[in-house]
Number of protein chains: 2
Amino acid sequence: MSDDTKALVRSTALRLFRERGYAATTMRAIAQEAGVATGNAYYHFASKDHLVQELYLDVTSEHAVAARAVLAQGGDLTARLRGVMLAGVDAFAEYHAFGAEFVTVAIRPGSAASPFSAESSRSRELSQDVFRELVEGASPAVPTALREELPDLLWLAQLGVTLFWVYDGSPGQRRTRTLVEGAAPLIGRLVRLSRLPVLRGAADDVLALVRAVRS
Amino acid sequence: MSDDTKALVRSTALRLFRERGYAATTMRAIAQEAGVATGNAYYHFASKDHLVQELYLDVTSEHAVAARAVLAQGGDLTARLRGVMLAGVDAFAEYHAFGAEFVTVAIRPGSAASPFSAESSRSRELSQDVFRELVEGASPAVPTALREELPDLLWLAQLGVTLFWVYDGSPGQRRTRTLVEGAAPLIGRLVRLSRLPVLRGAADDVLALVRAVRS
DNA sequence: GAGAGCATTTGAACACGTTCAACTGAACAG
DNA sequence: CTGTTCAGTTGAACGTGTTCAAATGCTCTC
């Protein structure tokens, strides 16, 4: 049946990606391992990138589950941000050897696997929801002025951390963890300070800039 | 002669890149247009990425010249940052149609064209020197505490702006210009505020983080 | 049951980046 | 002049992602 074939190709591809990485997993190998013709894989998935996108969906879901466990414990913005981002580093750790390849695929603007693409809207929204929950459930509460834009900014920050992670050759991605450990309290502090008169103007400018750039 | 052949392949490749973009410029087309065999191009350039790196070197040099003209006019940090970054947007504008492809190539960690690769050290240092000059020549002077790390941070910011630019589909890259126009005074203001007691701690944390993450 | 229409499947074919064994020709040694 | 060496050059060959005309099967209609 068609649905079975599609699921089979999908799971075979994901297994091979995990075992061999992106480049070493050829479409011919996926098809052969799944016991179908090469062209059949293309009938179900428009390109190799679309199969990678399926992998991202898997990993993102995994991260979302781990992140919600962290968020369930409450805490202030710093603790929650730190926990969610470290959970991300853990969730991605398995793929670090091939991370470079995969991010390369993801960053190509036309790619289905791009975090901004229409095809990856599901995993993007899954991830953005986590950051929205992170901000809304923080205690003490995040200043109302920031509450609307901050989730998306933190989601972007997570993309930045991921990009850093790709280039991080240190054992166990220690440098990325150091970055998160340092950046989380820094962001927490700046958010708190944003209420102060001296910083109020700068904070407003940041928000105005975000909105201007969006439209 | 060998040097002539190399120069011919190089200039042919750059011309075709400018005319057709990355993907549509095949190694066969470069070789044919240059009147040599395909393998000959590979004798002189290890890969297609290495030819792209030559294009980056060209564009970076062009930007460095424009940036120095801006810096020669003096000004404070905000004005200089704004000028240099807008000069960057102008220098890259010609390639925006294909920018996505080229940045894709550049971001691949193993790639010769990566801004962090050994192969692109020349264009990287060329670019980093501009930001060092930007900071050192600013008047009023940048706080000494920041003077060492700021150039590299601004260079990274420029990479971030470039990444944004790639995804910017607005006419004339208006959104990227808006981003620069907004971010430059914001950065200028934060650098000024960094001397204030309230922010002194946060500024120190940023510097400590940068240094911790570096090593 | 026969046939028509459509979803599914096949594998050969295409153009690509890259590799490589073989060839060329100039420079130099004896 | 002959032989040797080797940087420079050639074009066929390899494996890749992707496409496509053709074959196959499934489902509904009459």
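The analysis underlying the following values was restricted to heavy atoms, covering all of them including side chains, and did not include hydrogens, waters or symmetry mates. So you know, we letter chains A, B, ... as the sequences are listed, proteins then strands, and number each from 1.
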Out of [options], which nucleotide sits closest to the side chain of [X]?
X: B:V36; options: D:dT10, D:dA7, D:dT18; result: D:dT10
X: A:A37; options: D:dT16, D:dT19, C:dT10; result: C:dT10
X: B:T26; options: C:dC16, D:dG17, C:dT18; result: C:dC16

Can you tell me how far [atom2] of [N] sits from [atom1] of [X], to the nearest Å?
X: A:K6; N: C:dT9; atom1: NZ; atom2: P; answer: 12 Å
X: A:L16; N: D:dT16; atom1: CG; atom2: P; answer: 13 Å
X: A:H44; N: C:dT10; atom1: NE2; atom2: C1'; answer: 12 Å
X: A:I30; N: D:dT16; atom1: CD1; atom2: C1'; answer: 12 Å
X: A:K48; N: C:dC16; atom1: NZ; atom2: C1'; answer: 14 Å
X: B:L51; N: C:dC16; atom1: CG; atom2: C1'; answer: 15 Å
X: B:Y42; N: D:dG11; atom1: OH; atom2: P; answer: 16 Å
X: A:F45; N: C:dT8; atom1: CZ; atom2: P; answer: 13 Å

Taking only N and O in the side chain of B:N40, is any of them less than 4.0 Å away from OP1 or OP2 of D:dT10? yes
Please determine whether a side-chain nitrogen or oxygen atom of B:T5 lies at a distance below 4.0 Å from atom OP1 or OP2 of D:dT9.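 Result: yes.
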Salt bridge between A:D58 and A:R10, side-chain N to carboxylate O under 4.0 Å? yes
Does this structure show an ion pair linking A:R177 with A:E181, if we count only N-O contacts that are shorter than 4.0 Å?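 Result for this pair is no, no salt bridge flagged.
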Which comes earlier along DNA chain D counting from the 5' end, the contact point of A:T38 or that of B:Y43, where each point is its nearest nucleotide?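 The 5'-side residue here is B:Y43.
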Please tell me which of A:G39 and A:M27 maps to the more 5' nucleotide of DNA chain D, matching each residue to the nucleotide holding its nearest heavy atom. A:M27
Side chain A:R28 and base D:dG15 donor-acceptor under 3.5 Å: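 When only heavy-atom distances are counted, A:R28 does not reach the base of D:dG15 through any donor-acceptor pair under 3.5 Å.
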Output field: ring centroids A:Y22/A:F98 closer than 6.0 Å: no
Donor on one side chain, acceptor on other, B:S47 and B:H50, under 3.5 Å: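 Short answer, yes.
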Distance-minimising heavy-atom pair for A:R20 and A:A29: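 Answer, listing the atom of A:R20 first, then A:A29: NH1-CB, 3.8 Å.
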